[in-house]
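Quick note: numbers below take in every heavy atom, side chains included, and nothing from hydrogens, waters or symmetry partners. Chain letters run A, B, ... following the sequence lines, proteins first and then strands; every chain starts at 1.
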Amino acid sequence: MPELPEVEVTRLSFADRIQGARIQQLRMGKPLRWPLGCDTSLLQGRTVLRVRRRGKYLLLDLDRGLLLLHLGMSGSLHFASELPPAGVHDHCDLFTSRGTLRLHDPRRFGAVVYADSQDAPVATKLLGHLGMEPLGDEFPLTAFYAGLHARKTAIKQVLLAGEVVVGVGNIYASEALFMAGIRPTTKASTIGRARVARLHEAVRTVLARAVLKGGSTLRDFSNAHGESGYFQLEAMVYDRQGLPCRVCGITIQLLRQGQRSTYFCPQCQKR
DNA sequence: AGGGTGACCTGTCGGC
DNA sequence: TGCCGACAGGTCACCC
(Lines give C-alpha, C1' and ligand atoms only; values in the text may rest on other atoms or scores of the structure.)
Protein backbone atom coordinates (compact mmCIF):
# COMPACT_ATOMS: atom_id res chain seq x y z
CA MET A 1 0.00 0.00 0.00
CA PRO A 2 2.08 2.87 1.17
CA GLU A 3 4.59 4.81 -0.82
CA LEU A 4 5.76 8.27 0.13
CA PRO A 5 2.42 9.99 -0.58
CA GLU A 6 0.42 7.54 1.51
CA VAL A 7 2.91 7.76 4.37
CA GLU A 8 2.94 11.55 4.22
CA VAL A 9 -0.86 11.73 4.04
CA THR A 10 -0.99 9.46 7.06
CA ARG A 11 1.50 11.65 8.90
CA LEU A 12 -0.44 14.81 8.15
CA SER A 13 -3.66 13.21 9.36
CA PHE A 14 -2.49 12.67 12.94
CA ALA A 15 0.80 14.49 13.59
CA ASP A 16 -0.81 17.60 15.05
CA ARG A 17 -3.23 15.66 17.17
CA ILE A 18 -0.66 13.37 18.77
CA GLN A 19 1.94 16.06 19.35
CA GLY A 20 2.49 16.55 23.07
CA ALA A 21 0.66 13.35 24.00
CA ARG A 22 1.92 11.33 26.92
CA ILE A 23 2.28 7.60 26.30
CA GLN A 24 0.24 5.53 28.71
CA GLN A 25 0.78 2.06 27.33
CA LEU A 26 1.98 0.18 24.28
CA ARG A 27 0.30 -3.05 23.25
CA MET A 28 2.01 -5.20 20.64
CA GLY A 29 0.13 -8.03 18.89
CA LYS A 30 1.53 -10.60 16.46
CA PRO A 31 5.17 -10.16 15.45
CA LEU A 32 5.84 -7.59 12.76
CA ARG A 33 8.77 -7.37 10.38
CA TRP A 34 11.24 -6.49 13.16
CA PRO A 35 11.01 -6.73 16.92
CA LEU A 36 10.20 -3.60 18.92
CA GLY A 37 13.64 -3.69 20.44
CA CYS A 38 12.70 -2.77 23.99
CA ASP A 39 10.28 -3.66 26.75
CA THR A 40 6.91 -2.00 26.12
CA SER A 41 6.92 -0.64 29.67
CA LEU A 42 9.97 1.44 28.81
CA LEU A 43 7.76 3.81 26.82
CA GLN A 44 5.25 4.54 29.56
CA GLY A 45 5.23 8.18 30.54
CA ARG A 46 7.20 9.39 27.55
CA THR A 47 5.94 12.26 25.45
CA VAL A 48 5.48 12.40 21.68
CA LEU A 49 7.23 15.58 20.60
CA ARG A 50 6.48 15.40 16.88
CA VAL A 51 6.02 13.09 13.91
CA ARG A 52 8.47 13.22 11.05
CA ARG A 53 8.78 11.18 7.86
CA ARG A 54 11.96 9.77 6.36
CA GLY A 55 11.33 7.95 3.09
CA LYS A 56 8.48 5.57 3.86
CA TYR A 57 9.19 5.57 7.60
CA LEU A 58 7.31 7.61 10.16
CA LEU A 59 9.45 8.77 13.06
CA LEU A 60 7.77 9.54 16.35
CA ASP A 61 10.25 11.66 18.27
CA LEU A 62 9.82 11.14 21.99
CA ASP A 63 11.24 13.19 24.82
CA ARG A 64 13.73 10.35 24.99
CA GLY A 65 14.29 8.05 22.02
CA LEU A 66 12.06 7.56 19.01
CA LEU A 67 9.67 5.08 17.46
CA LEU A 68 10.16 4.08 13.83
CA LEU A 69 6.94 3.03 12.11
CA HIS A 70 6.73 1.39 8.72
CA LEU A 71 3.51 0.42 6.96
CA GLY A 72 5.00 -2.31 4.78
CA MET A 73 2.69 -3.39 1.95
CA SER A 74 -0.61 -3.48 3.76
CA GLY A 75 -0.33 -1.27 6.82
CA SER A 76 -2.43 1.70 7.83
CA LEU A 77 -2.68 3.81 10.96
CA HIS A 78 -5.71 5.07 12.80
CA PHE A 79 -5.68 7.67 15.51
CA ALA A 80 -8.75 8.39 17.59
CA SER A 81 -9.74 8.96 21.17
CA GLU A 82 -11.83 5.83 21.10
CA LEU A 83 -11.16 2.79 18.92
CA PRO A 84 -13.06 -0.50 18.72
CA PRO A 85 -11.47 -3.58 20.33
CA ALA A 86 -8.37 -4.70 18.45
CA GLY A 87 -9.09 -7.04 15.53
CA VAL A 88 -6.91 -9.90 14.32
CA HIS A 89 -4.82 -7.60 12.14
CA ASP A 90 -4.37 -4.79 14.63
CA HIS A 91 -0.83 -5.46 15.76
CA CYS A 92 0.05 -2.35 17.69
CA ASP A 93 -1.89 0.05 19.92
CA LEU A 94 -0.12 3.06 21.33
CA PHE A 95 -2.38 4.41 24.05
CA THR A 96 -1.74 8.07 24.81
CA SER A 97 -3.33 10.95 26.66
CA ARG A 98 -4.61 12.29 23.32
CA GLY A 99 -5.93 9.03 21.88
CA THR A 100 -4.86 5.66 20.55
CA LEU A 101 -2.59 5.18 17.55
CA ARG A 102 -3.33 1.80 15.99
CA LEU A 103 -1.42 -0.08 13.31
CA HIS A 104 -3.59 -2.32 11.15
CA ASP A 105 -1.47 -4.56 8.94
CA PRO A 106 -2.79 -7.87 7.56
CA ARG A 107 0.48 -8.94 5.93
CA ARG A 108 2.69 -7.81 8.79
CA PHE A 109 5.46 -6.45 6.59
CA GLY A 110 5.18 -3.30 8.62
CA ALA A 111 7.21 -2.48 11.70
CA VAL A 112 7.28 -0.61 14.98
CA VAL A 113 10.82 -0.24 16.25
CA TYR A 114 12.23 1.65 19.19
CA ALA A 115 15.59 3.39 18.96
CA ASP A 116 17.40 5.26 21.73
CA SER A 117 18.40 7.89 19.21
CA GLN A 118 18.61 8.38 15.49
CA ASP A 119 22.25 7.25 15.71
CA ALA A 120 21.38 3.97 17.41
CA PRO A 121 22.46 0.90 15.41
CA VAL A 122 18.91 -0.15 14.62
CA ALA A 123 18.07 3.32 13.28
CA THR A 124 21.22 3.40 11.20
CA LYS A 125 20.44 -0.03 9.78
CA LEU A 126 16.98 1.04 8.69
CA LEU A 127 17.57 4.65 7.70
CA GLY A 128 21.27 4.94 7.05
CA HIS A 129 21.33 3.94 3.41
CA LEU A 130 18.29 5.96 2.36
CA GLY A 131 18.63 8.39 -0.52
CA MET A 132 17.45 11.96 -0.96
CA GLU A 133 14.01 13.21 0.00
CA PRO A 134 12.28 14.16 -3.25
CA LEU A 135 9.97 16.81 -1.80
CA GLY A 136 11.41 19.94 -0.26
CA ASP A 137 14.75 21.57 -0.91
CA GLU A 138 17.18 18.70 -0.40
CA PHE A 139 16.86 17.12 -3.83
CA PRO A 140 19.35 18.82 -6.12
CA LEU A 141 19.22 17.85 -9.77
CA THR A 142 23.01 17.51 -9.95
CA ALA A 143 23.03 14.92 -7.16
CA PHE A 144 20.13 13.07 -8.77
CA TYR A 145 21.99 12.97 -12.07
CA ALA A 146 25.16 11.76 -10.35
CA GLY A 147 23.23 9.05 -8.52
CA LEU A 148 21.58 7.74 -11.66
CA HIS A 149 24.79 8.00 -13.64
CA ALA A 150 26.46 5.55 -11.23
CA ARG A 151 23.76 2.88 -11.63
CA LYS A 152 23.81 0.28 -14.36
CA THR A 153 20.41 -1.18 -13.53
CA ALA A 154 17.11 -0.36 -15.15
CA ILE A 155 15.86 3.07 -14.10
CA LYS A 156 12.62 1.64 -12.66
CA GLN A 157 14.57 -0.53 -10.25
CA VAL A 158 16.93 2.29 -9.31
CA LEU A 159 13.92 4.40 -8.35
CA LEU A 160 12.42 1.54 -6.33
CA ALA A 161 15.66 0.78 -4.50
CA GLY A 162 15.46 4.10 -2.65
CA GLU A 163 19.21 4.61 -2.46
CA VAL A 164 19.26 7.57 -4.82
CA VAL A 165 15.84 9.01 -4.02
CA VAL A 166 13.38 7.72 -1.41
CA GLY A 167 9.65 7.23 -1.37
CA VAL A 168 9.07 6.17 -4.96
CA GLY A 169 7.36 2.77 -4.90
CA ASN A 170 5.79 0.63 -7.56
CA ILE A 171 2.90 2.91 -8.47
CA TYR A 172 4.74 6.20 -8.60
CA ALA A 173 7.82 4.78 -10.32
CA SER A 174 5.67 3.81 -13.29
CA GLU A 175 3.81 7.11 -13.17
CA ALA A 176 6.92 9.29 -12.94
CA LEU A 177 8.64 7.43 -15.78
CA PHE A 178 5.56 7.90 -17.94
CA MET A 179 5.46 11.59 -17.16
CA ALA A 180 9.14 11.90 -18.06
CA GLY A 181 8.74 9.83 -21.24
CA ILE A 182 11.38 7.32 -20.16
CA ARG A 183 11.20 3.57 -20.78
CA PRO A 184 11.34 1.74 -17.42
CA THR A 185 13.94 -0.72 -18.71
CA THR A 186 16.44 1.96 -19.72
CA LYS A 187 19.77 1.69 -17.93
CA ALA A 188 19.89 4.55 -15.43
CA SER A 189 23.47 5.50 -16.29
CA THR A 190 22.62 6.09 -19.95
CA ILE A 191 19.99 8.76 -19.38
CA GLY A 192 21.24 12.19 -20.40
CA ARG A 193 21.01 15.36 -18.34
CA ALA A 194 17.97 16.79 -20.05
CA ARG A 195 16.00 13.60 -19.58
CA VAL A 196 17.16 13.22 -15.98
CA ALA A 197 15.91 16.76 -15.42
CA ARG A 198 12.50 15.75 -16.77
CA LEU A 199 12.46 12.73 -14.45
CA HIS A 200 13.53 14.85 -11.48
CA GLU A 201 10.60 17.16 -12.12
CA ALA A 202 8.24 14.24 -12.78
CA VAL A 203 9.08 12.52 -9.49
CA ARG A 204 8.39 15.69 -7.55
CA THR A 205 5.22 16.49 -9.46
CA VAL A 206 3.74 13.01 -9.22
CA LEU A 207 4.45 12.62 -5.51
CA ALA A 208 3.23 16.10 -4.61
CA ARG A 209 0.09 15.60 -6.67
CA ALA A 210 -0.57 12.25 -4.97
CA VAL A 211 -0.20 13.80 -1.51
CA LEU A 212 -2.72 16.43 -2.57
CA LYS A 213 -5.18 13.71 -3.64
CA GLY A 214 -4.82 11.85 -0.35
CA GLY A 215 -2.63 9.08 -1.80
CA SER A 216 -3.76 6.04 -3.77
CA THR A 217 -6.35 3.67 -2.38
CA LEU A 218 -6.04 0.50 -4.45
CA ARG A 219 -7.44 -1.90 -1.92
CA ASP A 220 -7.64 -0.58 1.56
CA PHE A 221 -5.39 2.39 2.23
CA SER A 222 -6.80 5.08 4.46
CA ASN A 223 -5.28 7.88 6.49
CA ALA A 224 -5.42 8.09 10.28
CA HIS A 225 -8.93 9.54 10.00
CA GLY A 226 -10.03 6.52 7.98
CA GLU A 227 -10.34 8.49 4.72
CA SER A 228 -9.42 6.99 1.32
CA GLY A 229 -7.10 8.50 -1.29
CA TYR A 230 -8.02 9.30 -4.88
CA PHE A 231 -4.82 9.50 -6.88
CA GLN A 232 -5.42 6.07 -8.42
CA LEU A 233 -8.26 7.63 -10.43
CA GLU A 234 -5.79 9.75 -12.36
CA ALA A 235 -3.05 7.15 -12.82
CA MET A 236 -1.77 7.31 -16.39
CA VAL A 237 -0.31 3.80 -16.59
CA TYR A 238 -0.40 1.96 -13.27
CA ASP A 239 -2.79 -1.01 -13.35
CA ARG A 240 -3.91 0.01 -16.85
CA GLN A 241 -2.42 -2.79 -18.96
CA GLY A 242 -4.45 -3.39 -22.11
CA LEU A 243 -6.17 -0.02 -21.83
CA PRO A 244 -5.49 2.88 -24.21
CA CYS A 245 -2.85 5.42 -23.20
CA ARG A 246 -4.57 8.57 -22.00
CA VAL A 247 -2.18 10.62 -24.15
CA CYS A 248 -1.64 8.73 -27.42
CA GLY A 249 -4.19 5.93 -27.36
CA ILE A 250 -1.67 3.10 -27.78
CA THR A 251 -2.23 0.06 -25.56
CA ILE A 252 -0.52 0.26 -22.15
CA GLN A 253 1.87 -2.63 -21.62
CA LEU A 254 2.79 -4.66 -18.56
CA LEU A 255 6.17 -6.19 -17.88
CA ARG A 256 7.96 -7.62 -14.89
CA GLN A 257 11.13 -6.23 -13.40
CA GLY A 258 12.56 -7.80 -10.29
CA GLN A 259 9.29 -9.67 -9.69
CA ARG A 260 7.31 -6.42 -9.70
CA SER A 261 4.83 -5.23 -12.29
CA THR A 262 5.82 -2.27 -14.44
CA TYR A 263 3.36 -0.40 -16.63
CA PHE A 264 4.34 1.83 -19.55
CA CYS A 265 3.24 3.25 -22.87
CA PRO A 266 5.46 1.98 -25.69
CA GLN A 267 4.68 5.08 -27.73
CA CYS A 268 5.14 7.80 -25.12
CA GLN A 269 8.14 6.08 -23.53
CA LYS A 270 10.27 5.05 -26.46
CA ARG A 271 13.57 5.03 -24.64
C1' DA B 1 30.98 -4.49 -5.49
C1' DG B 2 26.87 -4.66 -7.41
C1' DG B 3 23.10 -6.89 -9.29
C1' DG B 4 19.67 -10.56 -9.06
C1' DT B 5 16.67 -13.78 -6.14
C1' DG B 6 14.20 -15.52 -2.21
C1' DA B 7 11.97 -14.64 1.92
C1' DC B 8 8.72 -12.67 5.04
C1' DC B 9 2.74 -13.04 5.59
C1' DT B 10 -2.15 -12.82 4.55
C1' DG B 11 -5.95 -11.92 1.51
C1' DT B 12 -8.10 -11.95 -2.94
C1' DC B 13 -9.01 -13.17 -7.47
C1' DG B 14 -9.06 -15.85 -11.76
C1' DG B 15 -8.88 -20.25 -13.93
C1' DC B 16 -9.93 -25.02 -14.12
C1' DT C 1 -18.38 -24.90 -5.15
C1' DG C 2 -13.59 -25.81 -4.24
C1' DC C 3 -8.86 -25.88 -4.81
C1' DC C 4 -4.46 -23.87 -6.39
C1' DG C 5 -1.43 -20.68 -8.13
C1' DA C 6 -0.38 -15.95 -8.99
C1' DC C 7 -0.26 -11.60 -7.35
C1' DA C 8 -0.54 -7.32 -4.16
C1' DG C 9 1.44 -0.47 -2.44
C1' DG C 10 8.15 -3.02 0.70
C1' DT C 11 12.76 -4.15 1.69
C1' DC C 12 16.26 -6.94 3.85
C1' DA C 13 19.61 -10.93 3.74
C1' DC C 14 21.81 -13.68 0.88
C1' DC C 15 23.88 -15.61 -3.46
C1' DC C 16 27.02 -15.45 -7.35
Side-chain angles (χ1 to χ4, degrees), chain A residues 1-11 29-35 37 53-58 68-77 87-92 103-113 121-131 147-177 184-190 206-207 210-211 213-223 228-235 237-242 254-263:
Chain A
M1 149 187 109
E3 303 181 34
L4 183 150
E6 291 73 34
V7 176
E8 180 64 7
V9 163
T10 298
R11 187 184 75 81
K30 281 186 173 181
L32 295 167
R33 169 112 200 225
W34 298 295
R53 180 189 54 73
R54 177 71 178 103
K56 297 170 191 167
Y57 288 88
L58 286 175
L68 287 71
L69 272 55
H70 199 290
L71 302 181
M73 290 277 268
S74 59
S76 59
L77 293 176
V88 278
H89 298 310
D90 298 327
H91 303 301
C92 171
L103 174 66
H104 175 84
D105 185 5
R107 291 178 72 181
R108 290 192 281 130
F109 288 173
V112 179
V113 174
V122 65
T124 303
K125 183 186 104 177
L126 299 179
L127 308 176
H129 61 98
L130 295 183
L148 297 191
H149 200 68
R151 304 303 187 107
K152 295 180 178 171
T153 351
I155 181 61
K156 160 84 174 340
Q157 296 183 259
V158 172
L159 291 176
L160 281 189
E163 289 168 3
V164 177
V165 60
V166 293
V168 183
N170 210 38
I171 299 176
Y172 302 110
S174 284
E175 292 300 312
L177 288 167
T185 47
T186 302
K187 252 169 98 175
S189 59
T190 67
V206 164
L207 295 179
V211 171
K213 299 301 284 186
S216 294
T217 298
L218 266 42
R219 286 157 196 77
D220 54 6
F221 169 74
S222 64
N223 66 28
S228 298
Y230 296 93
F231 184 84
Q232 73 281 0
L233 299 176
E234 49 188 79
V237 289
Y238 186 83
D239 207 20
R240 301 197 69 243
Q241 75 279 18
L254 167 66
L255 60 84
R256 295 197 75 77
Q257 294 178 280
Q259 304 154 312
R260 316 291 307 273
S261 293
T262 298
Y263 304 83

Donor-acceptor pair, distance only, cut-off 3.5 Å: does the side chain of [X] make one with the backbone of [Y]?
{"X": "A:Ser174", "Y": "A:Thr262", "value": "no"}
{"X": "A:Gln259", "Y": "A:Arg256", "value": "no"}
{"X": "A:Arg54", "Y": "A:Tyr57", "value": "no"}
{"X": "A:Asp105", "Y": "A:Gly110", "value": "yes"}
{"X": "A:Glu6", "Y": "A:Glu3", "value": "yes"}
{"X": "A:Thr217", "Y": "A:Ser228", "value": "no"}

Using a 4.0 Å heavy-atom cut-off, does A:Phe231 contact any base of the nucleic acid, only the sugar-phosphate backbone, or nothing at all? nothing

What does A:Lys30 touch in the nucleic acid at a heavy-atom separation under 4.0 angstrom: a base, only the sugar-phosphate, or nothing? sugar-phosphate

Would you kindly give the [atom1]-to-[atom2] distance between [X] and [N], to the nearest whole Å?
{"X": "A:Leu77", "N": "C:dG9", "atom1": "CG", "atom2": "P", "answer": "20 Å"}
{"X": "A:Phe221", "N": "C:dA8", "atom1": "CZ", "atom2": "C1'", "answer": "16 Å"}
{"X": "A:Leu233", "N": "C:dG9", "atom1": "CG", "atom2": "P", "answer": "17 Å"}
{"X": "A:Arg107", "N": "C:dA6", "atom1": "CZ", "atom2": "C1'", "answer": "12 Å"}
{"X": "A:Met73", "N": "C:dC7", "atom1": "CE", "atom2": "C1'", "answer": "9 Å"}
{"X": "A:Leu58", "N": "C:dG10", "atom1": "CG", "atom2": "C1'", "answer": "14 Å"}
{"X": "A:Leu69", "N": "C:dG10", "atom1": "CG", "atom2": "P", "answer": "17 Å"}
{"X": "A:Glu163", "N": "C:dG10", "atom1": "CD", "atom2": "P", "answer": "15 Å"}

With [atom1] as the reference atom in both, quote the distance from [N] to [M] in angstrom, rounded to an integer.
{"N": "C:dC7", "M": "B:dT5", "atom1": "P", "answer": "15 Å"}
{"N": "C:dC3", "M": "B:dC9", "atom1": "P", "answer": "24 Å"}
{"N": "C:dG9", "M": "B:dG3", "atom1": "C1'", "answer": "24 Å"}

Salt-bridge contact A:Arg151-A:Glu163 (side-chain N to carboxylate O under 4.0 Å): yes

In sequence, state the C-alpha distance, the side-chain angles, and the governing distance for A:Val164 and A:Leu148, and then conclude on side chain to side chain contact (heavy atoms under 4.5 Å, CB included). CA-CA 7 Å; A:Val164 177; A:Leu148 297 191; 4.2 Å; yes

Applying the 5.5 Å / 30° rule, does A:Phe109 stack onto the base of C:dG10? yes

What one-letter contact string describes nucleotides 11-16 of chain C from 5' to 3', where B marks a base within less than 4.0 Å of any protein heavy atom, S marks contact via sugar-phosphate atoms alone, and - marks no contact? BBS---

Do A:Phe231 and A:Tyr172 have ring centroids that are under 6.0 Å from one another? yes

Applying salt bridge (Lys or Arg N to Asp or Glu O under 4.0 Å), can you list everything that pairs with [X], at least two apart in sequence or on another chain?
{"X": "A:Glu175", "answer": "none"}
{"X": "A:Arg11", "answer": "A:Glu8"}
{"X": "A:Arg108", "answer": "none"}

Under the 3.5 Å Watson-Crick or G-U criterion, the dot-bracket string of DNA chain B, with | for inter-strand pairs: .|||||||.|||||||

First contact, last contact: which nucleotides of DNA chain B are these for chain A, 5' to 3', heavy-atom distance under 4.0 Å? B:dG3 to B:dG11

